[in-house]
A.B. asks: 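Below you will find the structure I want to go over with you.
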2 protein chains.
Amino acid sequence: MLSDEEWFQMQQCFELFKFKKGDILLDTNAICNFIGFVDIGIIRFFEIKDGNEKVTAFWFPDDFLSNYRSFLSGTKSTHYIEALSDGSYWRLSKEDLWRLFDDYPKIDRLGRKMAEYLYLIVAERLDNLLKQSPEERYKSLINNNSRLLQQVPQYMIASYLGVSAETLSRIRKRIYTK
Amino acid sequence: MLSDEEWFQMQQCFELFKFKKGDILLDTNAICNFIGFVDIGIIRFFEIKDGNEKVTAFWFPDDFLSNYRSFLSGTKSTHYIEALSDGSYWRLSKEDLWRLFDDYPKIDRLGRKMAEYLYLIVAERLDNLLKQSPEERYKSLINNNSRLLQQVPQYMIASYLGVSAETLSRIRKRIYTK
DNA sequence: ATAGTTTCTTGACGTTCGTCAAGAATATTG
DNA sequence: CAATATTCTTGACGAACGTCAAGAAACTAT
């Protein structure tokens, strides 16, 4: 889809960032001025409401990584991006991306595909949250996202599903004892 | 942002569709092959789960109108698009849009802006759903979307907020009697 | 105006959830 | 291996929600 020249120009702009478990890759109130892709490691995207963590997303290798809302709108992040393990990610600054979009129409189109793809992910998550019960959401996770269950603490998954840690523990008990 | 020529080409592709209250503009299991913009009227986007309606969105004049998930992914719609009043909307077929994207890079870029904008809307809605209580969500609606309260039946708003009609009735009682 | 339809409210009751607290299980570190 | 920290489970209890059913209120249409 892209020519060699276009790929080269894009690759030139990506920079590898290493991180340690617990590192904050984006703090609240900062404006997210980059997008990235996970190289190695696990990352979570969450906010804090009344002292409670609300996890919006987990990211694994090859996943898109950004506070895309803050990135697009230029508003301060309400969320943290935090490393759940050691690892690294490829980073592209907003400045460079805008320049690539201006200089190369095909990269601009790639940006459209990216936005469309990210729309699909979040729209599907919204739909599931509206129509499924917590138990159904957990079962979906078992079928579609089992690596998450193995590599992320359960209380974070609970938050991702929109329930308390205790409730998820009881959901699991319900499921696995019948 | 677009030249006269580009605007003209786009306008050529839009077609006005009239509808009556209760009309189904997109049925479940159909593939959404258009995007549109509301000209006149009110429209809702909803699905049915276990006999219950789950409203995902309401659209007013100038709002973007499509099952964008079905449109982008080419999968069958799980939702209905239904007219809540008489009205009309401007419609652009997928075929024409793809052609416009191919022929005019600036329209392609406009498509990126559109996808980005729609991402922001759904991402914010997801965030609110994860972090706010039903009562908080209703209060947000009062402040940010009051025309919705005046022009849409309350039981549909309840569904949009993710609660039963009775619960919203009780939330309103809680709020307005103290 | 009146009859019919739709929408909203209220009460009763059972279920699920959140919170707090304690302890068990698991993982990490020295 | 022992000590510590983290995560998970369980119980008890109260709050919020869903459902069913009945009636009130608002809206439509003739």
Side-chain angles (χ1 to χ4, degrees), chain A residues 20-23 41-42 44 46-55 58 82-86 128-139 141-142 147-178, chain B residues 20-23 41-42 44 46-55 58 82-86 128-142 146-178:
Chain A
K20 293 283 181 191
K21 178 175 180 175
D23 282 359
I42 306 175
R44 70 164 171 162
F46 74 102
E47 65 191 313
I48 294 185
K49 167 87 186 295
D50 301 333
N52 289 94
E53 298 173 352
K54 306 283 178 181
V55 179
F58 298 100
E82 182 199 35
L84 296 181
S85 69
D86 294 358
N128 289 342
L129 211 59
L130 278 175
K131 108 174 137 183
Q132 295 183 325
S133 67
E135 180 166 331
E136 288 171 320
R137 294 201 286 276
Y138 182 70
K139 284 177 177 166
L141 220 59
I142 295 173
R147 67 175 170 178
L148 216 151
L149 305 182
Q150 290 148 12
Q151 299 183 48
V152 169
Q154 202 168 290
Y155 72 91
M156 293 185 188
I157 293 172
S159 169
Y160 177 76
L161 295 174
V163 296
S164 69
E166 295 92 334
T167 293
L168 178 55
S169 178
R170 291 183 178 110
I171 287 172
R172 283 164 49 84
K173 194 177 178 183
R174 280 208 300 268
I175 293 177
Y176 293 120
T177 58
K178 58 179 180 185
Chain B
K20 293 282 181 192
K21 177 175 180 174
D23 282 359
I42 305 175
R44 71 165 170 161
F46 73 103
E47 65 191 312
I48 294 184
K49 167 88 185 292
D50 301 333
N52 289 95
E53 298 174 351
K54 305 284 177 181
V55 179
F58 298 101
E82 182 199 34
L84 297 181
S85 69
D86 293 359
N128 289 342
L129 212 59
L130 278 175
K131 107 174 137 183
Q132 294 183 325
S133 68
E135 180 167 332
E136 288 172 320
R137 293 200 286 275
Y138 182 71
K139 285 177 176 168
S140 300
L141 220 59
I142 295 174
S146 56
R147 68 176 170 179
L148 216 151
L149 304 181
Q150 289 148 14
Q151 300 183 48
V152 170
Q154 202 167 291
Y155 73 90
M156 292 186 189
I157 293 172
S159 170
Y160 178 75
L161 295 175
V163 296
S164 70
E166 295 92 335
T167 292
L168 178 55
S169 178
R170 292 183 177 110
I171 286 172
R172 283 164 49 84
K173 194 177 178 185
R174 279 209 299 268
I175 291 177
Y176 293 120
T177 58
K178 58 179 179 185

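None of these values were measured; they are calculated from a predicted model. Below, chain A is the first sequence line, B the second, and so on; all start at residue 1.
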A.B. asks: Just how far, in rounded Å, is C1' of dA27(C) from CG of Leu84(A)?
C.D. replies: 16 Å
A.B. asks: Are any side-chain N or O atoms of Arg44(B) and backbone N or O atoms of Phe58(B), one a donor and one an acceptor, separated by less than 3.5 Å?
C.D. replies: no
A.B. asks: If only side-chain N and O atoms of Arg172(B) are considered, is one of them under 4.0 Å from the OP1 or OP2 phosphate oxygen of dT9(C)?
C.D. replies: yes
A.B. asks: Closer than 3.5 angstrom, by distance alone: can the side chain of Ser85(B) be matched with the main-chain N or O of Gly41(B) as a donor-acceptor pair?
C.D. replies: no
A.B. asks: Has the side chain of Glu166(B) got a donor or acceptor atom sitting under 3.5 Å from an opposite partner on the base of dC17(D)?
C.D. replies: no
A.B. asks: Rounded to the nearest Å, what distance is computed from the NZ atom of residue Lys49(A) to the C1' atom of nucleotide dT19(C)?
C.D. replies: 16 Å
A.B. asks: What is the distance, rounded to the nearest whole Å, between atom CD1 of Ile171(A) and atom C1' of dT9(D)?
C.D. replies: 14 Å
A.B. asks: As a test of reading the structure: which of dG18(C), dC8(C), dC17(D) is closest to the side chain of Thr167(A), going by heavy atoms?
C.D. replies: dG18(C)
A.B. asks: How many whole angstroms separate atom OH of Tyr155(A) from atom C1' of dC20(C)?
C.D. replies: 18 Å
A.B. asks: Separation of Asn52(A) atom CG from dG18(C) atom C1', in whole Å?
C.D. replies: 10 Å
A.B. asks: Hey, is the side chain of Gln154(A) poking within less than 4.0 Å of OP1 or OP2 on dT26(C), counting only N and O atoms?
C.D. replies: no
A.B. asks: Between the protein and nucleotides 24-27 of chain D, list every N/O to N/O distance that falls short of 3.5 Å.
C.D. replies:
none

A.B. asks: For Leu129(B) and Leu129(A), which heavy atoms make the closest approach, and how far apart are they?
C.D. replies: CD2-CD2, 4.0 Å
A.B. asks: Would you kindly give the CZ-to-C1' distance between Arg174(B) and dA15(D), to the nearest whole Å?
C.D. replies: 10 Å
A.B. asks: Mind checking the CG-CD spacing from Leu168(A) to Gln154(A)? Nearest 0.5 Å is all I need.
C.D. replies: 5.0 Å
A.B. asks: Using whole Å, report how far NZ of Lys173(A) lies from P of dA25(C).
C.D. replies: 13 Å
A.B. asks: Counting only side-chain heavy atoms from C-beta out, which of dG11(C), dT19(C), dT7(D) sits nearest to Arg170(B)?
C.D. replies: dG11(C)
A.B. asks: With a 4.5 Å heavy-atom cut-off, do Ile171(B) and Ile175(B) have their side chains touching?
C.D. replies: yes
A.B. asks: With rounding to the nearest 0.5 angstrom, report the CZ to CD distance, Arg137(A) to Gln132(A).
C.D. replies: 7.0 Å
A.B. asks: What is the distance, to the nearest angstrom, from the CD atom on Gln150(B) to the P atom on dC8(C)?
C.D. replies: 14 Å
A.B. asks: Please compare Lys21(B) and Ser133(B) by the position of their nearest nucleotide in DNA chain D and report the one closer to 5'.
C.D. replies: Ser133(B)
A.B. asks: Atom CG in Asp86(B), atom CD1 in Ile42(B): separation rounded to 0.5 Å?
C.D. replies: 11.0 Å
A.B. asks: Taking the minimum atom-to-atom distance to the side chain of Ser169(B), which one of dC8(D), dT7(C), dT10(C) wins?
C.D. replies: dT10(C)
